[in-house]
Structure formats: structure tokens, C-alpha cells
Amino acid sequence: MSRFKSEATWRVLLQILALCSGAILLLILGFLAWETLPILHTIFLDQFWRDPGWYPSEQAYNLTPMVMGTLGVTVGAVLVATPLGLLSAVFCQYYAPTGVAQLYRRLIELLAGIPSVVYGLWGLVVLVPLIAKVQPPGSSLLAGTLILALMILPTIALVTDASLASLPPSYWHGSAALGLGTWATVQGICLPAIRSGLLTAVMLATARALGETMAVLMVCGNVVQVPDSIFAPVRTLTANIALEMAYALDLHRSALFASGLVLMLVVTGLVVVTDRMTDAPES
Amino acid sequence: MSGRAIAGAFLGLSLGLQACSSLQASSSGSAPQKLVITGSSTVAPVASEIAKRYEAQNPQVRIDVQTGGSSRGIADIRQQVADIGMVSRAAKPEDQGLNFHTIAKDGVVVIVHRDNPIQRLTRQQITDIYTDKLNNWQDAGGKSQAITVVNKAEGRSTLEVFTKHFQLKSSQIKADVVIGDNEQGIKTVAGNPLAIGYVSVGAAKVNVEQGTPIKVLPLEGVQATPQTVQDGSFPLSRPLNLVTQGPLNPQQQKFIDFAQSSQVKDIVQEQSLVPVQE
């Protein structure tokens, strides 16, 4: 009897907690929308992509270059980090001797724990001058891509590693019985089997790359333009908010909230797409 | 039962937070007295040091210095969420109804990398460099290399002082790198021998003394020194102000008097700013 009662209490408690976490997201969305309202009342929506540029002091609010900048560094970083992370997980699981694998895993975990501002500082004083020697100014799409790739690499490596570790040993027994070698097993059996884990890893990494602020702010150059080469400086949506929010008033401030809302929509889109992909039946 | 208790706890928490935020703005509590100062990140370091000394002399007062730019200083004073605002520029016509109390003066200087052979740039050259009409150091008397133009983000008062002096609109400036605060600007120029930027004279001077590889250029033939900034002969100088609205209450009056007195002259000089005190 008392057992049944505590069950009911638990249910109520968990419902309240779930409601709270859900409500926080809705609150944030509502707040963003509310703060964006003033500018939506004042300018036409198409000004966000038709204006001559981003000059809030002159009432020009084109967000397109920054959306492109955000997507540019993110896609670049994911393209660089995914193969590296994937292969490092495979190395860790199947090729490295146990001791080395342990040490390597600790190292990757350490990499994950470095604060983004430290990555940014390192990028600003080491990476950017190096790139500047090849092609000035150095602060560029390339610098942002490389720093972000370094930051999301551990996420991809660790999640993939965990997925590989969770595969049942019977897969190995079966493939050994068929006489397959290590690499054949990895690419023919293990990697297809962890497809959804790998997708989750990439999604987590992408979300982190999209939202990263401090490091890209320090190395990307922050010029509002659609990049014409990987050596061109870009500004991301997050960097735009961080650079200008503290100093923005009225419509300028509202336009920054609009860029936050756009970022939120991009992330939402990403989540929906990966959900679809992981839920899709294996072909 | 426990659900209700939790809901109660949440309600209590939110009420408590509300109470906190409404307390924050009020300055005339019993004890301890609190003074909230917000605004320019150029004024904040010197204001913090002055506040520390003031607190040491008046143990019952707690001073909270927050940065967020001159615009925030003005906005917070208008909305009365701060007791004193910090603004790093002279009063503008739209600042009507606000009182500006100058506590120090600061200059904005143009900097290049130490290895750059350039010794001076004319006003026209700087304008041309920032509008991308002049894109190679060779045309300004240096080596044949592209110029990296370092500009400040919108809303910063350094940008405002700079564009106003050179009569530029921010949309005319074609930058290669956009930076936030002075330190980031100095690191960017120090890491790129082809860069040109502008920062607060205080920040530049401290870094030059620490051996950071940057060089401060004279403007229109005038070197940025404490004397030239104070007497206004250095063209890019600005006053650092404390701002209030309406009649001063005794607490504001006392702090502003203190900040303008000779008791804090050494603090102002330590920050490489120019004191206004006699």
C-alpha cells in the first residue's frame, strides 16, 4: 500500500521536474522572440537579407554574411574533425595496446576539458600569426575552422569510442569465424553497426561548433562579409552577439536578439534532421 | 504533498530572486550602503581602484563596478538601475539632463607592429587606409606588403571617437579584423607585422612598457604624452566621465568629489591616464 503511494509521489515529482526542464527552453525561446519584437515592428523582415550590410548605427541589419560565416566554420570543422575523431576511436578500440589506448583516451578527455577561451588565446597568439605568414591577415575562416575542429574532435572521438565499446563481442566472433581481418571487420561490420552513435556524435559536435563563441571571436577576424576564400575573415552569429551586446541599445540590441533567434532555429533544424536520420530504418 | 512542497520551494525561490533584484538598484538602504556604478570598460579599471580606496576609507559603503560600455552607462542612469554611470566620451546633445563629471582624460592612439618601418602617417593616409583606398604599406613609405586593418566592433566608444575625428562612417571602413576590447586589439597587432589598429593610450603604454612588439604613432605630428592629452593638443583625446541624473544625493556627491580629488591622482596616473586634478 505504502509502496503504491510512494510510486504516485514519484510520478508527480518527476512530472514537475520534466515540466521545469521543458519550460526553461520555452522560456528562453519566448524571451528571445519577445526581445526581437521591436525590430520586427520597425523594419521589414526581408531587410535581414536585403540590407547592404550590418551597420546597426546606420539601420542596416543584414544577417546573411553571419549565417554564412557560422555555417562555414561549422561545416569546415565537422569535415575536419569527423574523420579524425572516428579514426582515433577505431585506433583506440582495435589497434592500440591496452596501455596506450588508456593513455590516449585520457589525453582526449583532457582535450575535451580545456576551456574555449584557452583555445582562443592559443589560436590568437600561435595559429593566427602562422596563417598570416602564408596569407595575411591570418584571422580567417581557416583559423576558426581549425580551432573548432580541435574543440569538437574529443566529442566525436569519445562518443564513437563508447559506441564501439558497446558492440556485442559476438560480432567479432562471427567475423573471425568468417576469416575476416581487423580492418575488414571494422569497416564492414563495426562502423555500420554504430551508425546512429556516430550520427549522435556528429550532431553533438555540430551543435557545440555552432554555439561556440569565445574561441571563434578571437581567431576569426569578425569582419561581416561572405567569405570569398578560406583566408578571408568572417564573423559568426555568436561572435556578433558577444562583440556587440554589451554596447547595444534599442534596435541594435533587438537585432542581436534576432541573430540569437536565427541561431536557435539553425540548431533546431539540425536536431530535427538528425532525429529523422537516426530513426530511419537501416536500408 | 511533496509536490506541493516543491512548488512552494520554487515560489519562494522566485520571490527571493525578485527581492534581490529590486534591492540591487536601491542605494539608500540602511547598512551597508551600496553604490552601483556601470558603463564604459575604459573607465571601469580606474573607477574600480578609486572605489577600493573609497571603501577602505568608508567601511560602511559597498561599491559595485560593472562594465558594459558607455551606452550602458547612459542607459542605466536613465533607467535608474545604477547610481553612477561611466562614459568615455564628451557629452553629446542627446545626453540632455545628465551631469558629466570628468575624472581623467584618455587618448586614442594608432598602433602598428614594432617591426613596421613606418614612423608617421598623415590624417589623409589613415583615412585612406581605413577606407581601403590605400592598401599597401609601400604607398605609405613601408615595404610592399598588404595592410591589415584592425577595427573595433560597433558600439565601442573608441570607434566613435576614431570615426568622429576622421569623419568616417562605420560603413565606409573596410576592416580585415574586427576586435572587441583593447587587449584583443593589441594582441592582434602584436601578432601581425602588417597590421594597423587603434587603442586607448593607457592600454598601449602599459603594453609598450611590458615589451609587447607594438609601436605608437604620433598623430598629426603630436606624440601621445600625458601633457598633450591633458592640454588637448593631442587630437584624439577624450574625457572619462562619471555621469549622474538630477540632483546628487549625499552619497553620490561624496564619491564624485573623492574621484575628482587629488587623493586619487596616483591611481589615475598608474592606469596611464591623465589626471584632471590640479
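Small disclaimer: the values here were computed from a predicted structure and weren't measured. Order of the sequence lines fixes the chain letters, A, B, ..., with proteins taken first and strands second; residue numbering starts at 1 for each chain.
To the nearest 0.5 Å, atom CD of residue B:Gln184 and atom CG of residue A:Leu121 are 10.0 Å apart.
In this structure, A:Met68 places its CE atom where only 12 or fewer heavy-atom neighbours from other residues, nucleotides or ligands lie under 6.0 Å away. Enclosure of atom CD in B:Gln96 is not indicated, since only 12 or fewer non-hydrogen atoms of other residues, nucleotides or ligands lie within 6.0 angstrom.
When side chains are defined from C-beta on, A:Leu243 does not count as touching B:Glu154, because their heavy atoms never get closer than 4.5 Å. B:Asn192 is not listed as a side-chain neighbour of A:Val128, based on a closest heavy-atom distance of 4.5 Å or more. Side-chain contact between B:Val177 and A:Ser139 is present, with heavy atoms from C-beta onward closer than 4.5 Å.
Residue contact with chain A, scored on non-hydrogen atoms closer than 4.5 Å, involves the backbone of B:Ile179 exclusively. Contact of B:Lys169 with chain A is made through backbone and side chain together, with heavy-atom distances under 4.5 Å.
With A:Val223 as the fixed residue, the side-chain contact (heavy atoms from CB on, under 4.5 Å) test singles out one of B:Val178, B:Asn151, B:Val149: B:Val178.
For the set A:Glu244, A:Arg235, A:Glu58, A:Met218, the count of heavy-atom pairs under 4.5 angstrom toward chain B peaks at A:Glu58.
Put simply, the side chain of B:Asp176 never gets that close to the backbone of A:Gly221: no donor and acceptor are under 3.5 Å apart.
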